[in-house]
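This report refers to the structure that appears directly beneath it.
Sequential numbering from 1 along the given sequence is applied to the chain's residues.
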Amino acid sequence: MRRLVLFLIMLAGTARANVMCTMDDQYGCRWLAVAHAVDDWPPFRKDRERADNLIDALFRIQQEACRANNIAACSDMLATLWRHPARDFGAKPDPATAQEAVKLAIQITQAACERGDALACLKRSLMHPKMADPALGLLMAEEDRLSRAEDIQRFQLAAEEVFSEAVNVSDAQCRTGNDHACAYLVELGFAHEDSLIYAHRLAVEPRLSSPVDPMRMISVAVAACDDPAPLGCRALTENIVLRMNSSLREAGQKLPLLAALHADLTLKCELGIGAACFALGHLAETSQEATQNLTLACNAGHPEGCLMLGYRLYKSFLQSARAEDLVSASSVMEIACAAGRVMACDFLRNLSRQ
């Protein structure tokens, strides 16, 4: 029975062998590179070349988006250069590539900041020409700290001038159903937090005032989950839930904010909004609850829900060795792969080789 299942998986995996990283699948591409870089992430095989190729593909996608004036992509590109988890296991960026990327990111974000884009100003406050030295990564030598401090304060001040208006405008537009405005508001909130953290790390007096209220970000992002696959709802599931859930738990603030978030998402999930069910899967207190919510997300057509559900079912198979668990895992991975999720396609291909 298991051989038959693996044969069918092999056919499916071969058919999906050419699925590549996309702008919409950065999360999966990022973690697939890690899966191929380490020794113990079954069914993925350690493949240093595959991991490096995935990182390079992700970087190129983000680089092209940055050239097209996508501010978030510019900072993501720099993070992929140095802070991608798979970098710890293999190739580091060459100096020429790093220098070109930093120059591009600074050029795009600074121009947007000068046009009055609050997000660009916050992102620019986190950049510096010395970032082009891959030996330093995102850390500065002491002699460069003053130069970095000037950069941080200059662009924080620029952001401060337009920040409140940007929050109010994007909030109002998001509430009318503008997905881009919802995503922008979420990005604003976290960029503000990142800039403050970075200033404190370098012992620089910050020039920013009050951040976006967490519940405000939650409410607009949850509102964006009314649509099947909006940008704002994706920002909720990939940023707010993962990041805020962790920070609120650490701060001991779980009950007031997370209870409200959980109630809103539960209502959306009951209405068949897959992204809301996916978010609930991250907030779940138990493994059973997580599986139930991810199943609802997958049934509602949410690709990442299918991806996470498939891997959960596969882990059950590793413990139980039951063929039906393997069949279930493979079937939902097929859905995710058909939706273009590269990690699901690689999962099927690697499973077929066992």
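Residues P42 and L318 form a side-chain contact, since some pair of their non-hydrogen atoms from C-beta on lies under 4.5 Å apart. When side chains are defined from C-beta on, L313 does not count as touching D325, because their heavy atoms never get closer than 4.5 Å. Side chains of M343 and D346 form no contact here, defined as non-hydrogen atoms less than 4.5 Å apart. S195 places a side-chain heavy atom less than 4.5 Å from the side chain of L208. Side chains of M333 and C306 form no contact here, defined as non-hydrogen atoms less than 4.5 Å apart.
Using a 4.0 Å cut-off between a side-chain N of Lys or Arg and a carboxylate O of Asp or Glu, K46 and D40 do not qualify as a salt bridge. A salt bridge does not link R207 to E160: none of the charged nitrogens lies less than 4.0 Å from a carboxylate oxygen. Salt-bridge formation is not detected for the pair R154/E161: no Lys NZ or Arg NE/NH1/NH2 atom is positioned less than 4.0 Å from an Asp or Glu carboxylate oxygen. Looking at K268 and D264, no side-chain N of the basic residue comes within less than 4.0 Å of a carboxylate O on the acidic one, giving no salt bridge.
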Hey, mind stepping through F347 and L32 against side chain to side chain contact (heavy atoms under 4.5 Å, CB included) and telling me if it holds?
-> CA-CA 9 Å; F347 175 95; L32 180 58; over 6 Å; no
Please assess D117 against Y184 for the test side chain to side chain donor-acceptor pair (under 3.5 Å), listing each intermediate value before the final yes or no.
-> CA-CA 11 Å; D117 186 327; Y184 185 83; 2.7 Å; yes
Show the numbers, then the answer: is there a side chain to side chain contact (heavy atoms under 4.5 Å, CB included) between D151 and M127?
-> CA-CA 8 Å; D151 253 19; M127 299 175 185; over 6 Å; no
Stepwise side chain to side chain contact (heavy atoms under 4.5 Å, CB included) test for L54 and C21 | CA-CA 7 Å; L54 285 163; C21 299; 3.5 Å; yes
CA sep, side-chain torsions, deciding dist, call: Q288, Q292, side chain to side chain contact (heavy atoms under 4.5 Å, CB included) | CA-CA 6 Å; Q288 182 180 4; Q292 289 173 346; 3.6 Å; yes
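Taking all atoms of both residues into account, the shortest heavy-atom contact from E100 to Q63 is OE2-NE2, 3.9 Å. Considering every non-hydrogen atom in both A33 and I55, the closest pair reads CB-CG1, 3.9 Å. When every heavy atom of P303 is checked against every heavy atom of R341, the shortest pair comes out as CB-NE, 3.7 Å. Between S170 and L188, the shortest heavy-atom contact is OG-CD1, 4.3 Å. Nearest heavy-atom pair, A158 versus C121, reported as atom, atom and distance to 0.1 Å: CB-SG, 3.8 Å. Scanning all heavy atoms of the two residues, the minimum distance from I71 to A120 falls at CG2-CA, 3.8 Å.
The distance from atom CG of L185 to atom CD of E187, rounded to the nearest 0.5 Å, is 10.5 Å. Between the CG atom in N350 and the SG atom in C345 there is a gap of 11.5 Å [rounded to 0.5 Å]. The CD atom of E205 sits 8.0 Å away from the NE2 atom of H200 when rounded to the nearest 0.5 Å. From L122, atom CG reaches atom CD of E193 across 12.0 Å, with rounding to the nearest 0.5 Å. Atom-to-atom distance recorded for Q110:CD and R124:CZ is 4.5 Å, nearest 0.5 angstrom. Atom OG1 of T109 sits about 9.5 Å away from atom CD of E114, to the nearest 0.5 Å.
Grouping the Ile, Leu, Val, Met, Phe, Trp and Tyr side chains by contacts below 4.5 angstrom, directly or via other members, places F155 apart from F190. Grouping the Ile, Leu, Val, Met, Phe, Trp and Tyr side chains by contacts below 4.5 angstrom, directly or via other members, places L309 apart from L296. Hydrophobic clustering, with ILVMFWY side chains joined whenever heavy atoms are under 4.5 angstrom apart, keeps I108 apart from V162. When hydrophobic clusters are built by joining Ile, Leu, Val, Met, Phe, Trp and Tyr residues whose side-chain heavy atoms come closer than 4.5 Å, directly or via intermediates, V342 is grouped together with W31. Clustering ILVMFWY residues whenever any of their side-chain heavy atoms sit less than 4.5 angstrom apart, transitively, puts V38 in the very cluster that holds L351.
A 6.0 Å sphere centred on CD of E64 holds more than 12 heavy atoms belonging to other residues, nucleotides or ligands.
Formation of a donor-acceptor pair under 3.5 Å by the R67 side chain with backbone atoms of A65 is not found in this model. For Q153 (side chain) and P206 (main-chain N/O), no donor-acceptor pair under 3.5 Å exists by modelled atom type. Distance alone, capped at 3.5 Å, is enough to place a donor-acceptor pair between the Q26 side chain and the M23 backbone. With D194 contributing its side chain and L126 its backbone, the two residues share no donor-acceptor pair below 3.5 Å. Checked by atom type and distance alone, the side chain of D171 never pairs as donor or acceptor with a backbone atom of V167 at under 3.5 Å. Using modelled atom types, one side-chain atom of S330 and one backbone atom of L326 make a donor-acceptor pair closer than 3.5 Å. In this structure, the side chain of N293 does not engage the main chain of F278 through any donor-acceptor pair within 3.5 Å.
Between the side chains of D52 and H36, no donor-acceptor pair is found at a separation under 3.5 Å. Neither side chain, R322 nor S316, offers a donor N or O lying under 3.5 Å from an acceptor on the other. Side-chain N/O atoms of S75 and K123 include a donor and acceptor closer than 3.5 Å.
Annotation: ring pair (Phe, Tyr, Trp, His ring centres under 6.0 Å) contacts of F163 (sequence neighbours excluded): H192.
Ring orientation note: the planes of Y311 and Y314 are tilted relative to one another, at an angle of 30° to 60°.
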